[in-house]
Every structure is written in C-alpha cells, then in structure tokens.
Amino acid sequence: MLGESYVKAGRHTAGLKALEHVLELDPQNWMALYHMADIHSQLGEFDKAIEAYEHILTITGDDQVGVTAALATAELAQGQQAAAGGFRERSRRAFHAALGLAYKVLRAGGHRPWAWKLVGDAAFELSALEAQVSDAQESSDALRPILEHLVSDDTDRRSSVEGLGHAANMLQTPVDLTHTSKSAIFAYAYRAHLLKNEPRVIDSALYDLAASLHSLALKSDVGAEIKTASTKAAISAIRLALERDAGDERLWNALGVLCEEGGAQLAQHAFVVSLELYQKVRLLKPQTVGFGADE
C-alpha cells in the first residue's frame, strides 16, 4: 500500500493523504483506517487515532481484538498526554477507558502479558491523580472486574506479593487511597509471573513491579509495615532481575534508589556499578545511548 510505504519512509503527511484517497474509494476499508490511526498515534494526535480505531470497530464489530488493543494503547497515551498538560479529569477518563478496553482483550483470551502491562500502567498513572477516596472508588469500579478476572485466572495465586498477599484480598477490603496503587502492583506481578520464562522481557516486567512497589512505599498514607514490606518486595524483584542480567545499569540504579534509606553502603555500591555500566555502554555503543534506544 502506497500510504504505508510513505509512513515507513517517514513521510507521514503524504501517507495520510494517500490513505484518505483509499477511503474515498472504499469507505469500509478498515485497514486504511488502521494505518491512519497508527500515523496519528506516532504524531501524538491520540484523539484522532482513537476516533479512527472506534470507527473501525463500528465496521468490524468487536471481532478485531488487535484493534481493541490498539485503541486501549491510544487511550493510555492520551491519558498520559493529558496528565502532562495538567488536565486531570480528562486524563482520568482516558485511563478508565483504557482499563475497560484492556478488560475486553483479557476476556477475549489473548495478549495477556500486554494487557496486564497496560492495566498496570493505567492504574499506576491513576494512583498519582487521586486526591480523595471518591477518586479511588471510581477507579475501583473500573478495576474490579479486571481483578476478578485475575483471581479466576491465577488459581494457584502465583502472583502473590510479599507483604501484600494476593489480588483476591483487594476484593474483600474497603477502598482507600492505596487501592489503585495496589491494583497496579498485582497487575505487574501477574505479568511478571506470565513472563517468567521469557528472558528478553522478564527484566522489564520485574522493573515495573519494583517501581510500583516503591511508589506505594512512598505514599504518606500507608503505615510503616506496608512501607517496609513494599520496599523489601521491590528490592527482591530488582535482585531477581539482576540475577538474570547483571549488566543492566538501569537495574543497578533502581537498586540504589531502593536501598538509600536502609542500606547506604549497598546503595552507594549499586550507584557506582550503574555509573560504570552506563559509561561502558557509551564507550562501546555511543549511537544507542540517550534519546532513542531504550527510552
């Protein structure tokens, strides 16, 4: 397709024009709409991408799980963009929409690690936007069917987190300002369990889990017991990742941050190793460092 070729060459405007022409000839050509939505997403025009994906689903119904997943990703990105611009309610609506779409993907039975990553990301972002329990309750309403799905899927409770238990506990306790943070943790924990035998991506999954646990530990409204348990579980996740890849400077830096309060000597060692690895990468592969490679 000409439009797709333009996009691969970096000519997004030309690609959009070519795809618009395709739709003039065949308004039901949902693949052209899909490519247009992808271009809009690449350009940061997430509202237009969302409109295109939603149009596709009116043409195809809910049969295209990949389109639903792409729509969920666009909603998440729009929420992040709105949050960065200070549009709190707009971002919250987008994150809630992303959660609903991720649930549809989970119910369809595919894309499980991707879906739990998106659930974790959306819940993590939402937790930073909640100032009162009513906010958390709205998020809980969106998260409850997802947590119920996790509980029914994880029958042997392999995604339990030290100090927090299992997601099943969330369904039995009143909603408070830690509810959404904990939901993110359990989503990330289940993703890490699903990817435990995938060496290329398990480190990233463990990093996300550690970051969400650290975020919970930093909240002012959690008790000392939860702070300690969350920090301990976060350190365990990072150490497990380092056992698999001791050459990742980001993991060493994360270990340093986590150990700053309880183990200054270990934190210092971790930061030194992180810096040494970072400098080594710069010397060996200067073209892959900085904005671009792993941002």
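Values below: all heavy atoms of this structure, side chains included; hydrogens, waters and symmetry mates excluded.
- L57 and V105 fall into different hydrophobic clusters, where Ile, Leu, Val, Met, Phe, Trp and Tyr side chains are chained together by heavy-atom contacts under 4.5 Å.
- Under 3.5 Å, the side chains of E130 and T180 contain a donor-acceptor pair of N or O atoms.
- Counting only distance, with no hydrogens or angles, the side chain of S41 and the backbone of A37 share a donor-acceptor pair below 3.5 Å.
- To the nearest 0.5 Å, atoms NZ (K182) and CG (L177) are separated by 11.0 Å.
- Here the closest non-hydrogen pair linking A131 and R88 is N-NH2, 3.9 Å.
- Between A98 and L118, the shortest heavy-atom distance links the atoms O-CD2, 3.5 Å.
- With rounding to the nearest 0.5 angstrom, the CD atom of Q28 is 11.5 Å from the CD1 atom of I56.
- Cluster membership for W252 and I235, using ILVMFWY side-chain heavy atoms within less than 4.5 angstrom, is shared.
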Audit row: K48, I50, side chain to side chain contact (heavy atoms under 4.5 Å, CB included) steps and yes/no: CA-CA 5 Å; K48 294 181 180 179; I50 289 168; over 6 Å; no
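- Here the straight-line distance linking atom CG of L126 with atom CG of L99 works out to 6.0 Å at 0.5 Å rounding.
- In this structure, the side chains of L129 and F95 come closer than 4.5 Å at one or more pairs of heavy atoms.
- When side chains are defined from C-beta on, L16 counts as touching H40, because their heavy atoms get closer than 4.5 Å.
- The closest side-chain heavy-atom distance from H166 to L150 is below 4.5 Å.
- When hydrophobic clusters are built by joining Ile, Leu, Val, Met, Phe, Trp and Tyr residues whose side-chain heavy atoms come closer than 4.5 Å, directly or via intermediates, L206 is not grouped with L213.
- Under the 4.5 Å side-chain criterion, counting only non-hydrogen atoms from C-beta, V273 is in contact with L277.
- When atom types are taken as modelled, the side chain of S160 and the backbone of R157 share a donor-acceptor pair closer than 3.5 angstrom.
- Crowding of Q81 atom CD: a count of heavy atoms from other residues, nucleotides or ligands under 6.0 Å exceeding 12.
- Between I185 and F124 the shortest side-chain heavy-atom distance does not fall below 4.5 Å.
- Between R112 and D153 the shortest side-chain heavy-atom distance falls below 4.5 Å.
- Residue pairs satisfying the side-chain hydrogen bond (donor to acceptor under 3.5 Å, both in side chains) criterion with at least one member in residues 98-108, sequence neighbours excluded, are absent.
- Nearest heavy atom pair, residue I39 against residue L19, reads CD1-CD1, 3.7 Å.
- In this model, a donor atom of one side chain and an acceptor atom of the other lie less than 3.5 Å apart for Q137 and D141.
- Taking CD1 from I238 and OH from Y207, the interatomic distance works out to 7.0 Å, rounded to the nearest 0.5 Å.
- Considering only heavy atoms from C-beta on, Q268 stays 4.5 Å or farther from C259 through its side chain.
- Side chain to side chain, Y188 and D121 meet the donor-acceptor criterion of an N or O pair below 3.5 Å.
- Taking the side-chain contact (heavy atoms from CB on, under 4.5 Å) definition, one finds that A108 meets it with V65, sequence neighbours left out.
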With side chain to side chain donor-acceptor pair (under 3.5 Å) as the test, would you mind laying out the steps for D38 and Q42 before giving the verdict? CA-CA 6 Å; D38 184 52; Q42 292 180 44; 2.9 Å; yes
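- Taking CG from N29 and CD from E24, the interatomic distance works out to 12.5 Å, rounded to the nearest 0.5 Å.
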Verdict with supporting geometry, W116 and I146, side chain to side chain contact (heavy atoms under 4.5 Å, CB included): CA-CA 9 Å; W116 289 115; I146 297 173; 3.5 Å; yes
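- W114 approaches A72 most closely through the heavy-atom pair CH2-CB, 3.9 Å.
- The CE atom of M31 lies 9.0 Å from the CD atom of Q64; values are rounded to the nearest 0.5 Å.
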Assess the residue pair K17 and E20 against the criterion (salt bridge (Lys or Arg N to Asp or Glu O under 4.0 Å)); give the C-alpha distance rounded to whole Å, side-chain angles, the decisive distance to 0.1 Å, and a yes or no. CA-CA 5 Å; K17 289 182 178 179; E20 287 170 357; over 6 Å; no
Please lay out, stage by stage, how H35 and V22 fare under the test side chain to side chain contact (heavy atoms under 4.5 Å, CB included). CA-CA 11 Å; H35 290 305; V22 171; over 6 Å; no
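- Taking hydrophobic clusters as Ile, Leu, Val, Met, Phe, Trp and Tyr residues chained together by side-chain heavy-atom distances below 4.5 Å, L171 shares a cluster with F186.
- Salt bridge R239/E243: absent, no basic N to carboxylate O contact under 4.0 Å.
- Looking at every heavy atom in both residues, L143 comes nearest to A123 through CD2-CB, 4.4 Å.
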Please lay out, stage by stage, how R250 and D203 fare under the test salt bridge (Lys or Arg N to Asp or Glu O under 4.0 Å). CA-CA 10 Å; R250 187 177 68 154; D203 291 351; over 6 Å; no
Applying side chain to side chain contact (heavy atoms under 4.5 Å, CB included) to E125 and S91, what does each step give before you reach the verdict? CA-CA 9 Å; E125 297 278 3; S91 63; over 6 Å; no
Checking E75 against R93 for the salt bridge (Lys or Arg N to Asp or Glu O under 4.0 Å) test, could you report, in this order, the C-alpha distance in whole Å, the side-chain angles of both residues, the deciding distance, and whether it holds? CA-CA 9 Å; E75 289 281 11; R93 286 195 300 271; over 6 Å; no
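- Below 30°, between 30° and 60°, or above 60°: for Y190 and H193 the angle between ring planes is below 30°, a parallel geometry.
- Here the shortest heavy-atom pairing between S181 and L216 reads CB-CD1, 4.1 Å.
- Heavy atoms of other residues, nucleotides or ligands lying less than 6.0 angstrom from CD of E89 number more than 12.
- Cluster membership for V161 and V222, using ILVMFWY side-chain heavy atoms within less than 4.5 angstrom, is shared.
- Screening residues 211-232 for side-chain hydrogen bond (donor to acceptor under 3.5 Å, both in side chains), with sequence neighbours left out, gives E162-K232.
- Residues L164 and I226 form a side-chain contact, since some pair of their non-hydrogen atoms from C-beta on lies under 4.5 Å apart.
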